[in-house]
K.L.:
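Provided herewith is a single structure, encoded as structure tokens, for subsequent inquiry.
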Amino acid sequence: MPIAGVTKPKLKHRLPIVAAVGVLLVGLGLTLVMAYLELDHREKEDQAHFDQLVEGVQADVIRRVMVYRYGLMVTRSVFAASNYVDRQEFLDLVGARELEREFPGALGIGYIERVPSDPATFDTFVNKVREDKAPWFEITVPPGAAPLPDAVTDDRYIIKYIEPLEANHAAHGLDIGSHPVRREAAERAARVGDAALTGTIQLVQDDQKVAGFLYLLPHYKPGMPIDTPEQRIEALQGWAYMPMLGPKVFDGIMSVARNELDVEVFGGDSLSDEFLIFDGDNHLSEIDHETYIEEDYADRELHATIPIEIGGRTWTLSLSSTPQFAKASRSEIWTASGLGLLMTLLLSTLVYVQGNSSRKAWSIAEGMTADLRDYANRAEQATHAKSDFLANMSHEIRTPMTAILGFTDLLRTQIDQDNQDLIAHTQTIKRNGEHLLSLINDILDMSKIEAGKLSVEQIAVRPDQVVHEVLSLMRVKADEKHLPISAEVMTPIPREIIADPVRLRQVLVNLVSNAIKFTQQGSVKIEVHYDEVMEELKFAVIDTGLGMTQEQMARLFGAFEQADTTTTRQFGGTGLGLHISQRLATMLGGSITCNSVHG
């Protein structure tokens, strides 16, 4: 009993200290847990922002290359419409284009003719070219010339025309068929009947010795069948082509991501020095090995490697964050953590001061612990709900879906044209994949808008260029339905406006896509007006589609709304596109209205 008599006073004396220390430890623990959870949430926000920038750069790379394909198609159409195009006609054709503005990075536009290798035909070709105002014409071969083991013909592929000639004189008369990389791309284009890119090469007319490549579009003899690869090779007459310098083609692409990403473009399926076409910040030039590895990007917080299919080749994009990358702010976390620590210290001090009443002290501690635990649970649930949605939907679905679509396109180019069942299966995969990707993007955009996380830029934009890009993106979709698509400037418009080019293009693409979707016959047209009095630029998307009633138009811009249930069954879609477009238009300082006649 004497031991008990000594212990009880000591326990009573120590209870306030024990309670204060307990409150301090619990408070510190909860503060650290909440800080960790919020830091994890901000890191996932950074990843979602990075993924969005990556998508924008990837789309811009494809858009840039497709612009050159459009130029090649115009050139080929001139040869298809004429029995013979002489040098003056070709000079007039190229002279009518603004090469530096329309096709930056292209050194010129040329035509390559397929010439049989027998001496008589070959000599006739050379003499005819010389008589056509080119007495200096000589046949040359590029450095590294060698036979291609699996060449489909033994004919020679000679650059007959190239303009402007002064800048490309070294390429005039070049036999690209004598070089394996050039010949492989030319014959691949001829077999598939579409534009094809060469691997990375050194252009003979390039004095700077930077990475270059050729873009070739085949031209066939009129009247001959071109349904199979063999028929296309038999009918092949030549190619419209452009010699291109990689660094100039992709000059300025980092501005697409607001200089928050460093962009490297490789003309092959690996991060190899031999494939390097463009290095945004030239940091790879400081590395002495030939194949770049993840350690070469160790100083970058985020890094992604994206394969894309362009011109029958697999290119690789290496995208990494720069010091300008807009990270989610951490200052609020440190402020909240500091306040949490301060409150914990104050509360533990209060518990100690009030230690003579242990029951009251423990009650306060338990109440505080319960409140902090409840706050932590609610914060964790909210954080997980939002971050899991943004991160998992973006990274786990959207990224592999992009790869699926890319490899579906690659698979389609390798399928025999006679295997219609397999072609139909790949088209089904692509169609449903694109639908799922569109659904994911719509939901992500809407969630960011609702959360106030979607921002718009205010920079100088050329409206005519935006309309031209929308037409380029939508033309393939319109051609699938045999619908003419065009644009017309109805009044004089400003050369530049202040807006966000990415969001303006997104709105127009959505409106034009809807017009094409709901138009079975007729046409789709974009009209551009400028009201000088109100200083307003107006884009009108006009189609000859189904039309809508007043009741349908009244709910058109609501989230998850479509005209009626039959529209969803027949045409698909989420009903988010117009709602997102209206919100984006409002953020850009404008609005969207609808006029329609039913039937």
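Remember, predicted model here, so these are calculated numbers, not experimental data.
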K.L.:
Can you list the steps and then say if Ser591 with Gln582 is a side chain to side chain donor-acceptor pair (under 3.5 Å)?
P.N.:
CA-CA 6 Å; Ser591 64; Gln582 181 68 282; 5.3 Å; no
K.L.:
Please check: side-chain N/O of Arg76 versus main-chain N/O of Tyr220, any donor-acceptor pairing under 3.5 Å?
P.N.:
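Here the side-chain-to-backbone pair does not exist.
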K.L.:
Should we say atom CG of Asn595 is surrounded by more than 12 heavy atoms from elsewhere, each under 6.0 Å from it?
P.N.:
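No, not enclosed.
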K.L.:
Using modelled atom types only, decide if a donor and an acceptor are shared between the side chain of Lys538 and the backbone of Glu527 within a distance under 3.5 Å.
P.N.:
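Pair absent, no side-chain N/O of Lys538 close to backbone of Glu527.
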K.L.:
Keeping the roles fixed (side chain from Thr519, backbone from Ala515), state whether a donor-acceptor pair exists under 3.5 Å.
P.N.:
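Yes.
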K.L.:
Give a yes or no on whether Lys477 atom NZ has more than 12 heavy-atom contacts from other residues, nucleotides or ligands under 6.0 Å away.
P.N.:
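Check passes, neighbour count above 12.
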K.L.:
Surrounding CE of Met73 (heavy atoms of other residues, nucleotides or ligands, distance under 6.0 Å), is the total greater than 12?
P.N.:
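Atom CE in Met73 is not crowded, with 12 or fewer foreign heavy atoms closer than 6.0 Å.
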K.L.:
State whether the side chain of Thr314 and the backbone N or O of Glu309 hold a donor-acceptor pair below 3.5 Å, judged by distance alone.
P.N.:
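It does not hold such a pair.
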K.L.:
So does Arg495 have more than 12 non-hydrogen atoms from other groups sitting under 6.0 Å from CZ?
P.N.:
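At most 12 heavy atoms, drawn from other residues, nucleotides or ligands, come within 6.0 Å of this atom.
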K.L.:
So Phe79 and Glu89, do their side chains get closer than 4.5 Å, heavy atoms only?
P.N.:
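The answer is no; the side chains never approach within 4.5 Å.
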K.L.:
Looking only at non-hydrogen atoms, find the nearest pair between Gln58 and Leu317 and report the distance.
P.N.:
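Minimum heavy-atom separation between Gln58 and Leu317: CA-CD1, 3.8 Å.
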K.L.:
According to the interplanar angle, ranging from 0 to 90°, do the rings of Phe250 and Phe278 count as parallel (below 30°), tilted (30 to 60°) or perpendicular (above 60°)?
P.N.:
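The arrangement is tilted - the two ring planes meet at 30° to 60°.
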K.L.:
Short question: side chain of Thr491, backbone of Tyr530 - any donor-acceptor pair under 3.5 Å?
P.N.:
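Checking the backbone N and O of Tyr530 against the side chain of Thr491, a donor-acceptor pair under 3.5 Å is found.
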K.L.:
Can you confirm whether Asp531 is buried at CG, in the sense that more than 12 heavy atoms of other residues, nucleotides or ligands lie under 6.0 Å from that atom?
P.N.:
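More than 12 within 6.0 Å, yes.
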K.L.:
Count the heavy atoms of every other residue, nucleotide or ligand shown that sit under 6.0 Å from CD of Gln88, and state whether that count exceeds 12.
P.N.:
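Yes - once you tally the heavy atoms of other residues, nucleotides and ligands closer than 6.0 Å, there are more than 12.
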K.L.:
For the side-chain contact (heavy atoms from CB on, under 4.5 Å) test, which of Val507, Val509, Asn514 pairs with Leu511?
P.N.:
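The residue from Val507, Val509, Asn514 that satisfies side-chain contact (heavy atoms from CB on, under 4.5 Å) with Leu511 turns out to be Val507.
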K.L.:
Please find out if less than 6.0 Å separates the ring center of Phe90 from that of Tyr161.
P.N.:
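Centroid distance Phe90-Tyr161: below 6.0 Å, so yes.
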